[in-house]
Chemist: 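I'd like to ask you about the structure that follows.
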There are 2 protein chains.
Amino acid sequence: MVDQQPTDQIERADRILDAAKELLLRWGYRRATIDEIARRAGVGKGTVYLHWRSREQLFFAVGAREAVAMLGEVVTAMRHDPQEIALHRYMRRFFLEAMSRPVLRAIFTRDAEVLDRFLSSPARRPLQSAKLLASREYLGVLADDGLLRARLRPEDLDYTLPAVMFGFFGIDPLLAPEVALPLVDKADQLADTLRHAFEPAKPPPPARFATAAPRVIAVFDRHVDDYRRATYGTATEKR
Amino acid sequence: MVDQQPTDQIERADRILDAAKELLLRWGYRRATIDEIARRAGVGKGTVYLHWRSREQLFFAVGAREAVAMLGEVVTAMRHDPQEIALHRYMRRFFLEAMSRPVLRAIFTRDAEVLDRFLSSPARRPLQSAKLLASREYLGVLADDGLLRARLRPEDLDYTLPAVMFGFFGIDPLLAPEVALPLVDKADQLADTLRHAFEPAKPPPPARFATAAPRVIAVFDRHVDDYRRATYGTATEKR
DNA sequence: TGATGACCAGATTAGCGCTTTGGTCATCAG
DNA sequence: CTGATGACCAAAGCGCTAATCTGGTCATCA
């Protein structure tokens, strides 16, 4: 921990992030101005720039904070039941969590109404990266412990897994309304698809999950830290 | 066959469609004007409207003609080797064919540069419909002949299959350049994914494909007819 | 010393003629 | 008489300018 931030700084950052999130969801990225965000957070505009380098970074932080919350749920579930580390279980939860959080849903469904030009902003990329979805380290642990299909190398998933996930996140507006499914059913379909496509045909013994779980959890804990730093960490950084 | 069109009418329609396709690919939907299309096809503007009700319908016909060509290849392959009717083989070919034909590639990758506001035109929908992708009838035949995974009903695929396909068609611009794959490798990944996700774990005996092939081919022949009619058929229809 | 908001340049929007274009139909050629 | 045409029209699109807004800075202040 190099530069732990004082609590009141974190609190102020949270107030600003709350205001930014609120305005983002109500008015969309374009109309959520720094002036209005600062006003609602009860701080001066300059103060916002004491926390984040730019408007883009501020909104990235909004997403990063949501990612922290989501991954927190994921890790909690994994601690409670090691089988949750299975790719299809993780992705099922990821899908449900992401779709239930308006900010993350906007990001993962690429909602142009909400995100507007933030969609094509480089600052958004880390929020949709392979790291957030399923990092190499995570997939490496699964592969090492026989939790992926035989002859499936982790790098095969670099292309294929994002393709499938992107499909499930984005397909809705393209389907006729009569094909609509409850969210949970979509998540189940996704889980089924991933399990058959990428996991061993016969379910691995529970012991194998127990073995792998600590390492998986360590990986995710690290990711959570990364995103938490990205949320608050720019304030004291040098330019 | 109610109103078979004279050959010279078909030829003229093809000339117009050629010009429309050329301009669509070179200039994009927005700038491909009816005037210029008519000029290049060597006909008066009014003549275009003797074939299609509107500009949108004309461009739909451009896509429908491509679909006919693509499905023609598919059917030919199926006649040559009954195993081609397998979902993963069909979709592999579909993906490769669609990605190799500029018009279809623009449609399936939702290329905004080329399609512009044709993207949100209702006339485009039948070109991306479940029918073109994998009709209920086709999936029904597969299910009846044991070519789908046990306990997988065709209607389960209504949502899931388009989701996966859409993902593979659309993921490219979202991935880091270093993850880029040759087209054929993407098609192979897609085929692998679909086979494991939706087909029986042990490959069905060849005889089963031979049995099912004629019915599958009949289904596709019907779809080809539908799209062919959609390509040329509006000329003599009443308003 | 940390917070602020007046300030500025550059980007965005609104207003407004001018041009382009999808679609029609009176006219004409064969 | 039939099928093809292009002049024509309303409406949408475009380019231009002036006026407004907003991200980001920094001198000033509590």
Side-chain angles (χ1 to χ4, degrees), chain A residues 3 5-17 19-20 23-24 27-62 115-118 120-124 232 234-239, chain B residues 3 5-17 19-20 23-24 27-62 115-118 120-124 232 234-239:
Chain A
D3 51 3
Q5 291 191 32
T7 316
D8 55 342
Q9 293 242 344
I10 298 267
E11 264 169 24
R12 191 175 61 184
D14 272 324
R15 277 211 321 282
I16 299 171
L17 290 173
L23 284 179
L24 176 67
W27 296 0
Y29 180 73
R30 192 205 307 244
R31 304 214 241 183
T33 66
I34 300 275
D35 271 306
E36 182 67 14
I37 291 167
R39 207 184 59 74
R40 295 204 177 198
V43 299
K45 177 159 53 155
T47 308
V48 174
Y49 288 89
L50 297 178
H51 288 268
W52 301 278
R53 262 197 254 69
S54 67
R55 189 170 112 100
E56 285 191 354
Q57 287 298 318
L58 163 61
F59 282 99
F60 166 67
V62 170
L115 298 188
D116 203 69
R117 63 202 74 180
F118 191 60
S120 42
S121 152
R124 195 208 78 252
Y232 305 106
T234 41
T236 49
E237 276 174 13
K238 61 179 158 306
R239 300 283 171 79
Chain B
D3 51 5
Q5 291 191 30
T7 316
D8 55 341
Q9 293 241 345
I10 299 267
E11 265 169 22
R12 192 176 61 184
D14 273 324
R15 277 210 321 282
I16 299 172
L17 290 173
L23 284 179
L24 175 67
W27 296 0
Y29 180 74
R30 193 205 306 246
R31 303 215 242 184
T33 65
I34 299 275
D35 272 306
E36 183 65 15
I37 291 166
R39 207 184 60 73
R40 296 203 178 197
V43 299
K45 177 163 46 158
T47 307
V48 173
Y49 288 89
L50 296 177
H51 286 268
W52 301 279
R53 263 196 251 72
S54 68
R55 190 169 111 100
E56 284 192 353
Q57 286 299 318
L58 162 61
F59 281 97
F60 166 68
V62 169
L115 299 188
D116 204 70
R117 63 203 74 181
F118 190 60
S120 42
S121 151
R124 196 209 76 251
Y232 305 107
T234 39
T236 49
E237 274 173 15
K238 60 179 156 309
R239 298 282 169 77

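Residue numbering restarts at 1 for every chain, and letters A, B, ... go by the order of the sequence lines. Side-chain atoms are counted along with the backbone in the values below, which use heavy atoms only and exclude waters and symmetry mates.
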Chemist: Provide, to the nearest angstrom, the distance between the CH2 atom belonging to W52(B) and the P atom belonging to dT24(C).
Modeler: 16 Å

Chemist: Collect all protein-nucleotide pairs involving nucleotides 1-8 of chain C in which both atoms are nitrogen or oxygen and the distance is under 3.5 Å.
Modeler:
{"unit_1": "dA3(C)", "atom_1": "OP1", "unit_2": "R12(A)", "atom_2": "NH1", "d": "2.5"}
{"unit_1": "dA3(C)", "atom_1": "OP2", "unit_2": "R12(A)", "atom_2": "NH1", "d": "3.4"}
{"unit_1": "dA3(C)", "atom_1": "OP2", "unit_2": "R12(A)", "atom_2": "NH2", "d": "3.2"}
{"unit_1": "dA3(C)", "atom_1": "O5'", "unit_2": "R12(A)", "atom_2": "NH1", "d": "3.4"}
{"unit_1": "dT4(C)", "atom_1": "OP2", "unit_2": "G44(A)", "atom_2": "N", "d": "3.0"}
{"unit_1": "dT4(C)", "atom_1": "OP2", "unit_2": "T47(A)", "atom_2": "OG1", "d": "2.2"}
{"unit_1": "dG5(C)", "atom_1": "N7", "unit_2": "G46(A)", "atom_2": "N", "d": "3.4"}
{"unit_1": "dG5(C)", "atom_1": "O6", "unit_2": "G46(A)", "atom_2": "N", "d": "3.4"}

Chemist: Can you sort out the partners of R31(A) under salt bridge (Lys or Arg N to Asp or Glu O under 4.0 Å), two or more places apart, ordered by chain and number?
Modeler: none

Chemist: What is the distance from CZ of R39(A) to C1' of dT22(D), rounded to the nearest Å?
Modeler: 15 Å

Chemist: Tell me: CD of E56(B) to P of dG22(C), nearest whole Å?
Modeler: 12 Å

Chemist: Is there a side chain to side chain contact (heavy atoms under 4.5 Å, CB included) between W27(A) and T33(A) once you walk through the steps?
Modeler: CA-CA 10 Å; W27(A) 296 0; T33(A) 66; over 6 Å; no

Chemist: Given atom CZ of R53(B) and atom P of dT24(C), what is their separation to the nearest angstrom?
Modeler: 11 Å

Chemist: What's the CZ-P distance between R55(B) and dA11(D), to the nearest Å?
Modeler: 18 Å

Chemist: Between P on dT22(D) and CD1 on I34(A), what's the gap in Å once rounded to a whole number?
Modeler: 11 Å

Chemist: Compute the angle between the rotation axes at the two ends of the helix from dT1(C)-dA30(D) to dG30(C)-dC1(D), each taken over five pairs, rounded to 10 degrees.
Modeler: 20°

Chemist: Just the atom pairs and distances: protein N or O near nucleotides 27-30 of chain D's N or O, under 3.5 Å.
Modeler:
none

Chemist: Which whole-number value in Å describes the distance from F59(B) CZ to dG23(C) P?
Modeler: 11 Å

Chemist: I want to check a possible cation-pi pair here: R55(B) against Y29(B), using under 6.0 Å from ring centre and within 45° of the ring axis as the test.
Modeler: yes

Chemist: D35(A) has an atom CG; how far is it from atom C1' of dT25(D), in whole Å?
Modeler: 13 Å

Chemist: Grab the N/O contacts between the protein and nucleotides 13-15 of chain D below 3.5 Å, and write none if there aren't any.
Modeler:
{"unit_1": "dG13(D)", "atom_1": "OP1", "unit_2": "R117(B)", "atom_2": "NH1", "d": "2.6"}

Chemist: Filter on salt bridge (charged side-chain N to carboxylate O under 4.0 Å, His left out), then keep only pairs touching residues 6-17 of chain B, sequence neighbours left out; what's left?
Modeler: D14(B)-R65(B)

